[in-house]
Amino acid sequence: MMLHNYGPDAWSGSVNVEMDHSKTVGEIYRILHRLQLDIMHNYHVTMVFGVYAVDNDHEEVRVLRQQISSFVKSHEHVKSYHAVFLCHETKEIYTDFIVDYQLQDWDGLHREFTEYMKGLYPEYQTELTIETEYV
């Protein structure tokens, strides 16, 4: 989550949320719109949401998450990951890493992870987004 202050009582923020991949846009809209209104009324923050589809229904996706988790746990500067999505139609795997400020070689991490994934899923393209931990 990121919050920005633009003066007295002028806050805006953004946060990424993971939602079940089987929910419709209408279902997600109702949930997030209710949250936006609650946050605005209770905290006076205008909030924007990024949405990631999460599939916990299929064994192959649970295995993929475990494989990504193993990689993350073996890299001290990678603090967490999210936004895991396996798309069979386009043969793509998506995920985001959160890294600390001590990571010096972002390109090296990206290269190492995509090579790791290519070894596990040779027919898939891996799309990795690396973000900084804001704490």
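Computed over heavy atoms, backbone and side chain alike; hydrogens, waters and symmetry mates excluded. Position 1 is the first residue of the sequence; numbering continues from there.
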Start with the C-alpha distance between Leu3 and Met47, add both sets of side-chain angles, then the distance that settles side-chain contact (heavy atoms from CB on, under 4.5 Å), and finish with yes or no. CA-CA 9 Å; Leu3 289 175; Met47 188 64 70; 4.1 Å; yes
Closest non-hydrogen atom pair between Ser74 and Phe71, with its separation: OG-O, 2.8 Å
Looking only at the side chains, is there a donor atom on one of Asp96 and Tyr52 sitting less than 3.5 Å from an acceptor on the other? yes
Got more than 12 heavy atoms from elsewhere within 6.0 Å of CG, Asp9? no
Does the side chain of Glu18 reach to within under 4.5 Å of the side chain of His82, using non-hydrogen atoms? yes
Less than 6.0 angstrom separating the ring centers of Phe97 and Phe113, yes or no? yes
Would you say that Gln125 contacts Ile93 through its side chain, given a criterion of any heavy-atom pair below 4.5 Å between the two side chains? no
Full working for side-chain contact (heavy atoms from CB on, under 4.5 Å) between Val99 and Leu109: CA-CA 10 Å; Val99 300; Leu109 175 64; 3.9 Å; yes
Taking the side chain from Ser69 and the backbone from Arg65, do they hold a donor-acceptor pair closer than 3.5 Å? no
Does one hydrophobic cluster hold both Ile28 and Met1, with members joined at side-chain heavy-atom distances below 4.5 Å? yes
How long is the gap from CD on Glu27 to OG1 on Thr24, to the nearest 0.5 Å? 3.5 Å
Any non-hydrogen side-chain atom of His110 less than 4.5 Å from a side-chain atom of Ile130? yes
Within 6.0 angstrom of Lys79 NZ, more than 12 heavy atoms from elsewhere: yes
Looking only at side-chain N and O atoms, does Asn56 offer a donor or acceptor that is under 3.5 Å from a partner on His21? no
Would a distance-only check, ignoring hydrogens and angles, find a side-chain to backbone donor-acceptor pair under 3.5 Å from Tyr124 to Met117? no
Taking side chain as C-beta onward, heavy atoms only, is Tyr101 less than 4.5 Å from Thr132? yes
Under the side-chain contact (heavy atoms from CB on, under 4.5 Å) rule, what do Lys23 and Ile31 come out as? Steps first, then yes or no, please. CA-CA 11 Å; Lys23 290 200 177 299; Ile31 293 166; 4.2 Å; yes
To the nearest 0.5 Å, tell me how far Leu120 CG sits from Leu64 CG. 8.5 Å
Quick one: pull up OG1 in Thr129 and OH in Tyr81 and give me the separation to the nearest 0.5 Å. 15.5 Å
Sub-4.5 Å side-chain heavy-atom contact between His88 and Glu60: yes
Ionic contact status for Lys118 with Glu115, cut-off 4.0 Å: no
Parallel, tilted or perpendicular for His33 and Tyr29, by the 30°/60° rule? parallel
Any chance you could measure Ser12, atom OG, to Met2, atom CE, to the nearest 0.5 Å? 9.0 Å
His58 and Asp55 side chains, donor-acceptor separation under 3.5 Å: yes
Do Leu32 and Val51 touch side chain to side chain, with heavy atoms closer than 4.5 Å? yes
Can you give me the closest heavy-atom contact between Tyr94 and Cys87, atom names plus distance? CE1-CB, 4.5 Å
Linking I/L/V/M/F/W/Y whenever any side-chain heavy atoms sit under 4.5 Å apart, do Phe49 and Met19 land together? yes
Report whether Val17 and Leu35 are members of the same hydrophobic cluster (ILVMFWY, side-chain heavy atoms less than 4.5 Å apart, transitive linking). yes
Grouping I, L, V, M, F, W and Y whenever their side-chain heavy atoms are under 4.5 Å apart, do Leu128 and Trp106 come out in a common cluster? yes
I'd like to know if Tyr43 and Trp11 are part of one continuous hydrophobic network [Ile/Leu/Val/Met/Phe/Trp/Tyr, side-chain heavy atoms within less than 4.5 Å]. yes
Going by atom types alone, do Gln104 and His77 pair a side-chain donor with an acceptor below 3.5 Å? no
So, do Ile68 and Val84 sit near enough that their side-chain heavy atoms are less than 4.5 Å apart? yes
Are Tyr121 and Lys91 side-chain neighbours, meaning at least one heavy-atom pair lies under 4.5 Å? no
